[in-house]
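Order of the sequence lines sets the chain letters (A, B, ...), proteins ahead of strands, with each chain counted from 1.
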Amino acid sequence: MLARRNAITGYSLLAPSLFGLICFLVFPVLIVLWLSFQQWDLISPARFVGLDNYRSVLSDPVFANSLMVTAVFVLIVIPIQTVLGLLVASWLTRGLPGSLVLRTIYVLPWICAPLALGVVWKWIFAPTDGALNAILGIRVEWLTNLDLALPAVCAVVIWTNVGYITLFFMAGLLNIPEHVIEAAAIDGASPFTTFWRVKLPLLRPTMFFVLVTSVISTFQIFDQVYALTGGGPQHRTDVIAARIYFEAFQTFDMGRAAVMAVVLLVILVGITLAQQLYFGRRTTYDLSS
Amino acid sequence: MPKRSTVIVAVVAAAAVVAGSVAAAVALIPSGPPEKTTVTMRLWDDQVAAAYETSFAEFEKANEDITVDVQVIGWADYWTKLRTDIAGKSIDDIFWVNGGNFVDYANNGDLLDITEALGADAQKAWAPSVVAQYSLNGSLWGVPQLADPGIGMFYNEDLVRAAGIDPTSLSSLHWDPTGADDTLLPVLKKLTVDANGNTADSPQFDPKKIVQYGYNAANDLNAIYINYLGSNGAALQSGDEFVFDSPAGVAAFQYLVDLINVHHVSPSAADTNTNGDFSRDQFTQGKMALFQSGVYNLANVEQGADFPWSVATMPAGPAGAISVTNGVVAAANAHSAHPDAVKKVLQWLGSEAGSAPIGATGSASPAVTAAQQVYLDFWNEKGIGVTPFFDVLANGTVQAPQGAKWQAAQEAFGPVFEEIFLGRTPVAEGLATAQQAANAAIK
């Protein structure tokens with residue numbers, strides 16, 4: 001009887017978030033799954049086409065290119081922004097003068113609207129009258145050059161995210177007990193050894209959180225790409241989320257867009273599970289010893 | 001203790017008495033002014049939206065029971081939002097559509113049949129070219145609002161004179177893809193200047209340090225390449241089918257691409273592909289001598305340019321100066337909740353009084369023919385002769401973009417065109433690829 005009452009109380013407390021989860025996550029995912037078997041242009045009635053959309057998307061070289069571009073994008077952005085975030089956090093936790101102001105400045109890009117940032121950076125990168133070329137005194141076509149477009153977009157995204165990641169690493173670093181650091185110092189550990197052998201292992205819970213959320217958000221990057229390059233030149237920055245948007249809202253092929261979204265979902269679930277397996281065995285949340 | 005049935009009867013009787021009393025009280029309350037119907041309208045042009053506010057203020061005086069709410073949605077998001085709002089049944093009562101974007105909705109039964117709603121005679125008041133552009137299956141699918149005439153060429157009088165060119169000669173410029181009879185290119189070379197003051201016809205000219213461009217050859221459908229196609233005897237489409245990949249089409253595109261990448265008299269496509277306003281801004285900043293565009297940029301140039309400027313006829317090609325002419329209509333939601341009010345607003349929009357404010361502010365050329373003189377008068381009073389935009393139509397026109405799935409087609413050929421103008425994809429190869437992709441997209 002008591003167990004039953006506890007269960008009812010538990011489910012009652014869960015109900016609001018469960019409602020949100022079902023309405024805004026499970027239900028849309030199910031609709032996307034349903035859409036992936038339909039042909040629908042938003043205005044005509046949807047028509048069941050079986051696996052045609054899957055065949056079409058999975059044999060489409062443009063979609064394969066998008067997957068490749070997204071993988072390269074993630075492989076560039078994640079390591080750089082994580083290392084930078086860690087370095088900046090280490091620097092800011094030393095309590096140097098001006099740290100508080102710098103913390104605020106670093107987080108500013110992250111709290112700004114990504115699309116607005118994309119537009120501002122597009123002006124900065126403009127070949128003829130852009131600020132960057134004016135400062136460098138040379139003409140570089142940053143966003144239309146086939147080799148520079150993706151690195152330029154990566155740079156903007158890294159610049160946007162570093163402050164956010166720094167915040168988490170700062171919290172993680174400040175959470176490490178002082179006596180652990182002191183013990184390492186007494187044992188003769190150099191600052192680098194202390195960082196590498198003591199702080200970094202104790203940062204694993206933070207690292208796990210940062211990597212999981214960063215990988216997911218980087219795979220889903222859209223706003224800055226849309227504003228900066230629109231997926232060009234020659235699809236060099238055509239990341240998967242942008243491809244889904246163009247498929248859905250430029251060519252109005254919702255079925256194909258839904259298949260791409262399903263593929264993205266599968267990839268993200270796979271990567272998150274892999275991260276969970278890797279970090280699950282190596283992460284301790286007990287910082288007391 | 002009373003019986004259960006007695007209690008039920010008593011409760012029902014009491015409820016009836018209360019309901020009757022409330023109904024009587026409501027009936028005795030004096031009725032207020034008639035409830036207002038709000039008709040919503042959306043468009044992408046804020047200058048015309050301001051003119052509409054003036055127009056609807058008059059309309060609302062004569063129709064006290066109707067309020068018209070005008071909303072502006074930016075061009076960049078207009079078509080995406082229109083589509084999703086139609087899909088979500090949250091579309092406005094009246095909305096602007098253009099030639100490339102009305103067919104899907106008309107075919108799908110989303111648009112009010114204007115011929116049926118306002119009668120066939122109503123069309124007599126509107127520009128025939130716009131009526132023809134928006135007629136499909138024997139019906140008209142919107143009330144004509146704007147009738148852009150043809151394309152013209154804005155010029156900076158100071159820069160033209162400084163190059164030793166007589167401004168009156170600009171209207172007779174012609175281009176030739178073979179180069180045999182080309183008077184345009186030599187003029188453009190004289191008008192393009194580098195940081196050292198050398199013009200593009202000088203051996204010392206440095207194309208990496210251009211400070212003044214001659215012209216705006218660019219990946220611009222309406223102002224540039226569709227007119228070059230027409231002026232060389234080619235076309236973008238024939239009916240709904242894309243036909244730009246023809247020998248004449250290749251020659252026209254090659255001429256444009258060479259203006260940018262070989263002769264350097266126009267800005268790089270690295271600037272213009274991603275910023276549709278780049279050339280206009282260069283012109284209004286006094287950094288471009290000739291700017292080919294339509295009347296839709298008259299107000300922008302008038303507001304932005306602080307130098308003397310005027311308009312010449314666009315350059316002629318081997319087939320003459322053949323321009324595109326385009327219109328915009330106000331389409332109505334076929335499923336509006338208040339069709340009678342919508343019909344009244346449509347009638348107003350199609351009337352001289354309703355359209356005159358559009359012309360009176362010079363923001364656009366009205367499609368209601370009786371209101372067009374107001375537009376001409378506005379610019380004449382400012383000393384700007386706009387006749388080149390209209391006169392060019394006497395040479396004939398090239399077919400404007402049309403057909404179902406236009407956006408899908410544009411998504412297919414657009415990226416290829418960007419590469420063509422950047423000079424990275426050979427013109428013939430690019431046009432063949434683009435045409436195949438565009439025609440596949442509309443299937």
Side-chain angles (χ1 to χ4, degrees), chain A residues 35 39-46 56 60-62 65 115 118-119 121-123 125-130 133 137-149 152-153 225-238 242-243 245-254 256-257, chain B residues 76-77 79-89 91 101 104-111 206-211 213 267-275 278-279 281-282 285 287 404-412 414-419 421-425 430 437 440-442:
Chain A
L35 269 178
Q39 187 178 50
W40 189 41
D41 65 358
L42 282 170
I43 54 173
S44 311
S56 163
D60 183 353
V62 174
N65 171 72
L115 197 62
V119 172
W121 275 99
K122 192 173 175 180
W123 290 339
F125 282 134
T128 295
D129 46 12
N133 284 352
I138 50 171
R139 181 188 166 87
V140 181
E141 295 173 352
W142 299 98
L143 300 176
T144 50
N145 183 298
L146 296 176
D147 299 321
L148 293 177
V153 174
V225 174
Y226 178 72
L228 284 166
T229 60
Q234 290 184 14
H235 299 294
R236 293 294 175 103
T237 62
D238 194 22
R243 177 83 338 243
Y245 175 84
F246 294 129
E247 206 71 42
F249 300 112
Q250 298 288 324
T251 58
F252 300 117
D253 195 334
M254 301 304 285
R256 275 174 52 92
Chain B
D77 299 320
W79 303 109
T80 305
K81 192 154 170 49
L82 183 73
R83 189 82 159 205
T84 50
D85 285 348
I86 286 177
K89 311 287 181 204
I91 187 63
N101 284 285
D104 289 345
Y105 305 119
N107 284 340
N108 200 48
D110 296 309
L111 305 186
D206 184 353
K208 290 181 179 166
K209 293 182 178 171
I210 298 171
V211 293
Y213 295 103
S268 162
D271 286 303
T272 55
N273 271 353
T274 53
N275 180 1
F278 181 84
S279 295
D281 293 344
Q282 293 292 305
Q285 290 166 18
K287 296 177 187 170
K405 297 187 178 180
W406 169 256
Q407 268 198 281
Q410 200 170 25
E411 167 70 7
V416 187
F417 277 19
E418 288 182 1
E419 291 299 313
F421 278 91
L422 280 163
R424 287 200 292 237
T425 298
I442 60 172

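Annotation: side-chain contact (heavy atoms from CB on, under 4.5 Å) contacts of Thr80(B) (sequence neighbours excluded): Tyr245(A), Phe249(A), Gln250(A). Under the rule for a side-chain contact (heavy atoms from CB on, under 4.5 Å), the partners of Asn101(B) that lie at least two apart in sequence or sit in another chain are Trp79(B), Asn98(B), Trp406(B), Gln407(B). Residues passing the side-chain contact (heavy atoms from CB on, under 4.5 Å) test with Asp253(A) are Glu247(A), Thr251(A), Arg256(A), sequence neighbours excluded.
Salt bridge Glu141(A)/Lys208(B): absent, no basic N to carboxylate O contact under 4.0 Å.
When heavy atoms are compared at a cutoff of 4.5 Å, Asn273(B) does not approach chain A at all. Of the atoms belonging to Gln410(B), not a single heavy atom falls under 4.5 Å from chain A. For chain A, the nearby parts of Ala270(B) are the backbone and the side chain; heavy atoms of each come within less than 4.5 Å. Only the side chain of Asp77(B) has a heavy atom closer than 4.5 Å to any heavy atom of chain A.
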When you look at Leu146(A) and Arg424(B), which way does the side chain to side chain contact (heavy atoms under 4.5 Å, CB included) test go after all the steps? CA-CA 10 Å; Leu146(A) 296 176; Arg424(B) 287 200 292 237; 3.6 Å; yes
For side chain to side chain contact (heavy atoms under 4.5 Å, CB included), just list the numbers for Asp129(A) and Gln282(B), CA-CA rounded to whole Å, side-chain angles, deciding distance to a tenth of an Å, and then say yes or no. CA-CA 10 Å; Asp129(A) 46 12; Gln282(B) 293 292 305; 4.0 Å; yes
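Listed by sequence position, Tyr226(A) are the residues of residues 225-232 of chain A in contact with chain B, using a 4.5 angstrom heavy-atom cutoff.
Nearest heavy-atom pair, Thr425(B) versus Gln234(A), reported as atom, atom and distance to 0.1 Å: OG1-NE2, 4.4 Å.
Of the listed residues Ile86(B), Thr84(B), Thr274(B), the one with more heavy-atom pairs under 4.5 angstrom with chain A than any other is Thr274(B). Ranked by heavy-atom pairs under 4.5 Å with chain B, the list Ile43(A), Thr128(A), Leu42(A) is led by Ile43(A).
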